[in-house]
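Some notes on the structure that comes next.
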Amino acid sequence: MKKEIKFSKQAESYKDIISFIIALILSQLIWKVMFYEDFDNCRWDSKYLNITHIIDNYCFFIANIAEKYLKYFNIEYVQNGNMFYFDNNTSLGIVWGCTGIKQTIVFIISILLSRGSIIYKIPYIISGSILVFCINIFRILMLLLTTLHRVDLFYMMHEYFFKILFYVFIFFLWAIWIEIILPKFLKNNKVNAEKK
């Protein structure tokens, strides 16, 4: 009997991991359908559905938020739209790939595909998406500072360090849902069902 219980918990664990992997694949497909490889153009640019203007405005919004925090570092720069120009003849632009949209899609799909009631998932998706947004702003600020002080490290920080860190953070949010929050909801539902 104990072996069956242990096996069923392992099976649930495998299902959770598989659902997270499916979420990664699905979000990658959604991203590829929406955007060209250079992240500067929108695939959905028909006369019926064009989100180019919306995403461009979102890039400017992200750049403006980053600029508000960049002021605290007492550095010389010029912001023009979504571009930052520094005194050391370097510049950095906030483009579609910098918006954190892809990472937010990964987070949302990973929670939607996991076990649990949608009613409990919605508040977690909202709060988790806000955290993903904040982490993205932090990532952009660090990349702006890297561009200013150590431009030679920019590629490594942008393409490897912060990407890995971002996905580790999303996995951490998903693990909190699976290991901490979901068991509490399941336990409360079981207690409420037993009371009835």
For Lys121, give me all partners under side chain to side chain donor-acceptor pair (under 3.5 Å), at least two apart in sequence or on another chain. none
Just say parallel, tilted or perpendicular for the rings of Phe154 and His158, cut-offs at 30° and 60°. parallel
Does the side chain of Met83 come within less than 4.5 Å of Gln79's, by heavy atoms? no
Is Phe84 close to Val78 at the side-chain level, that is, under 4.5 Å between some pair of heavy atoms? no
Is a side-chain donor or acceptor of Thr147 paired with a backbone partner of Leu143 at a separation under 3.5 angstrom? yes
For the residue pair Ile125 and Phe107, what are the closest heavy atoms and their distance? O-CE2, 3.4 Å
For Tyr77, all residues meeting ring pair (Phe, Tyr, Trp, His ring centres under 6.0 Å), sequence neighbours excluded: none
Apply side chain to side chain donor-acceptor pair (under 3.5 Å) to Ser19 and list each qualifying residue two or more places apart in sequence or on a separate chain. none
Contacts of Phe171 meeting ring pair (Phe, Tyr, Trp, His ring centres under 6.0 Å) (sequence neighbours excluded), chain-then-number -> Phe20, Trp174
If you define the side chain from C-beta out and look only at heavy atoms, does anything of Cys59 sit under 4.5 Å from Trp96? yes
Would you indicate whether the side-chain heavy atoms of Gln103 and Ile135 approach each other to under 4.5 Å? no
Who passes side chain to side chain donor-acceptor pair (under 3.5 Å) against Glu179, sequence neighbours left out? none
Below 4.5 Å, heavy atoms only, C-beta onward: do Thr99 and Phe61 meet side chain to side chain? no
Measure the acute angle between the ring planes of Phe185 and Tyr120, then classify it against the limits of 30° and 60° as parallel, tilted or perpendicular. parallel
The criterion is side chain to side chain donor-acceptor pair (under 3.5 Å); which residues satisfy it with Asn136, sequence neighbours excluded? Arg139
Is any side-chain heavy atom of Thr104 closer than 4.5 Å to one of Phe133? no
Distance check, rounded to the nearest 0.5 Å: Ile140 atom CD1 versus Phe162 atom CZ? 11.0 Å
